[in-house]
Every structure is written in structure tokens, then in C-alpha cells.
Amino acid sequence: MGDVTSQERHRERLPGGGSGPLGGAGPAAPDVPDGDADGASGRPGPDDACRERGRGRPQDVWPVVSALARAFDAHGEARGMTREQQWTLQVLKLSEETGEAAQAVIGVQGTNPRKGYSHAWEDVHAEVADVVVTGLVALARMRPDDAADFLGRHLERQAARFPAAGRPGAEPSPADGGQAPPSGARRRP
């Protein structure tokens, strides 16, 4: 592969550039542009649904996530895969992306003697973003009607467990002076 940096490899995987963090290459659905990342194909795409005043920043990710989920669902259906098979592969894709984030951290630390310092923190940020996007698409594929609401409710439950999140009634952690559960005690869901 020569002297190609991790960031260059990452850019090659972005929309219009082959396999990506959301499930691999395949035919694009009608609502996903096959041009460059800014939708130069001329067709409306997921990015068009979440641009704010032309600044080019996604503000509401769910229209994009939903469009990607629909595209991957259509691709899986065209291949004759059941929903459960598609979901399984999407979760495996999430594991793959997590591994790439871990690999980037190893590259930042230079702990692989064969590769040395092969990544920068910017690479880690990009890989973590891939994990997040892949997870959101997985959730949207499994819960197409209420993924955003489900995530919101789940986030509230999780945040309520952390006093640092400023949530009243949160369980104090041992680091904040709270009691650690006895060894072997079952945690509350």
C-alpha cells in the first residue's frame, strides 16, 4: 500500500469512494447520491435533508441515518436476505468499526512494533465517528419507526445514572463518594 496514511485510506472509504463505515459497497438506493459527498449527482440525497443555512454541517442526523438505513435495507432485500440476517451483519459491521477505532488508538500510541506510530488522533476521531454512524444506522434498520425516540429514551435512562450529567436522582458513583455495590451484587438495569 506504500506510504498511504490512515487518513487517506479513510477518505477513500467516504461516500462515492467505495466501501464505507455503514455496511460496505453496493448499489446506491434512489435517495442516496452516487456522486461526490456533497450530492453533485444532482439527485436529492441524505445530506440535503440536514444542511443548515448552507453551512454544510449536518444538524439533524436522523434524516441521513434513515436514508442510509433504507438504502442498506434495499440492498439486503435485493440479495434475498432476511431482516434478521441484515441486522446481524450490521451489528458485525459495528464490531469491525470498533476494531478499526482500537487499531487507530494503537497506532497513535505506537505500541505495534511492526507499524510504529501509524495514526494520529484525527484518525481516531474519524474511526469513532464511523462507529457512531454505523451504530445509528444499525438502530434505524432495527427500529425504522422509532429509532430516534428509542435512542432518546435510552440516553435519558443512561444519563440518569450519572450525577455528573446533572440529572436529579442519579445514583452517585464510588468516585463521587457513593457506595460501590457489594461484590457479586446484581446491578439494576
Side-chain angles (χ1 to χ4, degrees), residues 1-29 31-41 43-73 75-76 86-143 147-148 151-152 154-155 158-159 165:
M1 189 174 263
D3 290 324
V4 175
T5 68
S6 175
Q7 286 180 314
E8 289 168 330
R9 284 192 301 275
H10 180 73
R11 277 193 288 278
E12 291 170 2
R13 295 189 332 227
L14 294 176
S19 68
L22 305 172
D31 58 344
V32 177
D34 56 3
D36 58 29
D38 67 359
S41 67
R43 295 185 307 195
D47 285 339
D48 299 327
C50 67
R51 300 282 180 200
E52 179 188 50
R53 296 187 202 118
R55 292 192 319 191
R57 283 202 224 160
Q59 298 302 313
D60 181 2
V61 299
W62 287 105
V64 178
V65 168
S66 295
L68 291 167
R70 287 190 305 273
F72 289 120
D73 284 346
H75 179 69
Q86 293 180 54
W87 295 349
T88 300
L89 291 176
Q90 187 73 36
V91 171
L92 291 173
K93 183 65 180 174
L94 182 59
S95 297
E96 176 190 357
E97 294 300 335
T98 302
E100 290 177 15
Q103 181 180 2
V105 170
I106 290 169
V108 165
Q109 300 298 322
T111 57
N112 182 335
R114 190 172 48 89
K115 295 182 180 180
Y117 293 94
S118 59
H119 292 74
W121 280 111
E122 188 72 21
D123 299 318
V124 176
H125 303 166
E127 295 298 347
V128 169
D130 287 349
V131 171
V132 171
V133 171
T134 303
L136 290 173
V137 171
L139 187 60
R141 292 183 79 186
M142 291 187 257
R143 300 185 71 102
L151 180 62
H154 187 75
L155 181 60
Q158 293 296 89

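Owing to the predicted nature of the structure, the values given are computational and were not obtained by experimental measurement.
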Among [options], find the one that has a side chain to side chain contact (heavy atoms under 4.5 Å, CB included) with [X].
| X | options | result |
| --- | --- | --- |
| Glu127 | His119, Glu122, Glu100 | Glu100 |
| Thr98 | Val128, Val131, Thr134, Asp130 | Val131 |
| Val137 | Leu94, Val132, Leu68 | Leu68 |

Rounded distance [0.5 Å steps], [atom1] in [X] versus [atom2] in [Y]:
| X | Y | atom1 | atom2 | answer |
| --- | --- | --- | --- | --- |
| Leu151 | Gln158 | CG | CD | 10.5 Å |
| Leu139 | His154 | CG | NE2 | 9.5 Å |
| Phe72 | Gln86 | CZ | CD | 11.0 Å |

So, does Trp87 use its side chain to make a donor-acceptor pair with the main chain of Ala138 at under 3.5 Å?
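Side chain of Trp87 to backbone of Ala138: no pair is present.
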
Is any side-chain heavy atom of Met142 closer than 4.5 Å to one of Val91?
yes

How close do Val108 and Tyr117 get, heavy atom to heavy atom, and via which atoms?
O-CD2, 3.3 Å

Identify the two heavy atoms, one from Ala140 and one from Ala147, that lie closest to each other, and give their separation to 0.1 Å.
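It is CA-CB, 3.7 Å.
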
